[in-house]
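First comes the structure, then the notes that go with it.
Quick note on labels: first sequence line is chain A, next is B, and so on, each numbered from 1.
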Amino acid sequence: MLQRIWKAHNLMDLACKDLPCSLNIMEVCGTHTVSIFRNGIRPTLPANLRLLSGPGCPVCVTDQGYIENVLTLAGRDDIIIATYGDMIRVPSKNGSLEKRADNQNVKIVLSSMEALDIAKQNPSKTVVFVAVGFETTTPATAIAVRYAAAENIKNFCILSAHKTVVPAMEALLSSEKAKIDAFICPGHVSVIIGSDAYNPIVTKYKKPCVVAGFEPMQIIEGIAQICSQVAAHAPKVESMYHAVVTPQGNVKAKAIIDEMFEPADGVWRGIGVIKNSALVLRDKFSEFDAAKRFGLSDGHPEDMPGCHCGEVLCGLIDPPQCKLFATTCNPDNPIGPCMVSSEGACSAWFKYGRRKKRENKQ
Amino acid sequence: MCLAVPARIVQLEGDSAVVDAMGNRWNIRTTLVPEARIGDLVLIHAGFAISTIDEEEAKKTWQLIAELDEFQDEQKKHC
Ligand code: SF4
């Protein structure tokens with residue numbers, strides 16, 4: 001193990017030694033961000049290698065307009081909101097779902113199929129499933145809607161905030177707001193989409209894309225792999241996560257997504273509208289689309305005042321550069337979603353900062 | 001929320017399965033991994049198996065998840 005760590009660090013040092021400026025690597029996925037902090041990887045990297053946290057936490061990138069729509073629906077007596085637990089604490093100017101949890105009409109579920117069961121058990125109410133997530137999560141929603149259609153369960157619908165990862169990576173590169181030299185690509189999203197999905201990024205933008213799992217050694221070796229690609233001026237797609245990621249991904253899951261959903265322009269917190277980055281139900285299934293059923297519009301309400309989640313998600317600033325970080329905003333009293341979600345960059349930095357202080361005191 | 005958890009299939013009927021991870025059992029569907037059989041280890045996300053996984057990789061992921069839980073508990077303590 002030690003030998004592998006040495007080897008990885010040598011590759012990093014070699015690649016960074018002669019660089020005129022810093023090498024910025026974005027870890028797209030929130031679970032990577034947490035693992036990087038949890039395992040103390042950052043301080044061991046060469047000084048001119050920077051890790052940027054990207055837009056890979058689905059809760060964090062969901063725009064405020066969507067949150068407001070969910071809260072509006074939660075206020076109706078004839079609706080039950082079924083949501084993954086991660087969304088429950090996301091604040092808005094009108095409170096959060098958590099504050100309404102005692103209303104009995106907000107239910108936390110672990111699966112879209114549970115939401116469907118709630119609909120079957122409550123025929124007098126309409127169950128709206130808060131469908132957030134990237135490609136890892138979308139197949140579950142697709143299957144629930146397919147069951148609802150097959151079993152003619154009319155009191156079930158979904159409010160889709162499903163998003164696709166690659167268009168967001170492309171949007172960050174083409175906006176040129178943040179300098180991104182390479183990506184550590186998400187592990188479990190790649191189980192579905194396959195590592196070949198990142199080929200366009202290498203072809204169009206000449207940026208290395210390395211898929212890694214979540215254990216520290218894979219992340220370190222993934223970073224080292226990026227470094228050797230940079231040093232050799234040979235960007236390509238590589239996977240360190242052969243155990244579960246194949247080049248083509250889970251073909252069945254991709255087919256089910258495609259059967260039920262079609263791409264649409266999507267609003268991302270901090271990034272704005274990205275072409276073809278959202279998934280909405282195909283017309284054939286529009287009766288299960290809560291946005292259509294309840295006539296909801298996208299809207300672009302402002303983010304929470306003073307919150308810089310948008311810049312954090314684009315890799316433009318690190319969380320401590322937000323004035324609210326660890327002052328008014330903390331995991332107990334989160335102002336923005338990046339502090340709410342355990343995978344959010346602000347939440348990971350909060351823990352890291354406090355640990356550092358403790359180490360300094362010793 | 002894109003983290004998937006490894007678990008072993010202990011019951012299977014059609015695409016409805018019961019899985020076990022470190023003594024916790026719950027219901028999932030194998031719709032997306034139709035080749036999965038009783039005794040197989042699968043990665044589970046949002047109530048669905050999304051891929052098969054081998055023993056060694058499953059162990060590493062369990063360890064990681066235990067550490068992340070610990071991370072979150074620790075985080076709560078320090079708030
Ligand atoms: S520290 Fe809080 S307020 Fe600042 S960007 Fe992060 S979540 Fe938003």
Subject >> Glu114(A): salt bridge (Lys or Arg N to Asp or Glu O under 4.0 Å) partners, not counting sequence neighbours >> reply: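 Glu114(A) satisfies salt bridge (Lys or Arg N to Asp or Glu O under 4.0 Å) with no residue once adjacent residues are dropped.
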
**OP:** Determine, using ring centers only, whether Phe350(A) and Phe37(A) are less than 6.0 Å apart.
**Re:** no

Original post:
When you check the gap from the basic side-chain N to the acidic O, do Arg269(A) and Asp63(A) get nearer than 4.0 Å?
Top reply: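 A salt bridge is absent here (no side-chain N lies under 4.0 Å from a carboxylate O).
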
Original post:
Should Lys120(A) and Glu151(A) count as an ion pair when the cut-off is N to O under 4.0 Å?
Top reply: yes

Original post:
Should the heavy atoms of other residues, nucleotides or ligands under 6.0 Å from CD of Glu35(B) be counted, would the total exceed 12?
Top reply: yes

Subject >> Region of Val191(A) that comes under 4.5 Å of a non-hydrogen atom in chain B >> reply: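 For Val191(A), side-chain heavy atoms alone lie under 4.5 Å from chain B.
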
Original post:
Which bit of Ile256(A) comes within less than 4.5 Å of chain B, counting heavy atoms only: side chain, backbone, both or neither?
Top reply: side chain

**OP:** Name the option with the most non-hydrogen atom pairs under 4.5 Å to chain A; the candidates are Ser51(B), Ala46(B), Pro34(B), Gly47(B).
**Re:** Ala46(B)

**OP:** Would you give the length of the straight line joining atom CD1 of Ile158(A) to atom CG of Leu116(A), rounded to the nearest 0.5 angstrom?
**Re:**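 Ile158(A) CD1 to Leu116(A) CG: 11.5 Å, rounded to 0.5 Å.
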
Original post:
Do any of residues 20-27 of chain B have a heavy atom less than 4.5 Å from a heavy atom of chain A, and if so, which, in residue order?
Top reply: none

**OP:** Tell me, for Leu43(B) versus chain A, whether the close heavy atoms (under 4.5 Å) come from the side chain, the backbone, both or neither.
**Re:**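 Just its side chain gets close to chain A.
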
Original post:
Can you tell me if His162(A) uses its side chain to pair, donor with acceptor, with the backbone of Leu279(A) under 3.5 Å?
Top reply: no

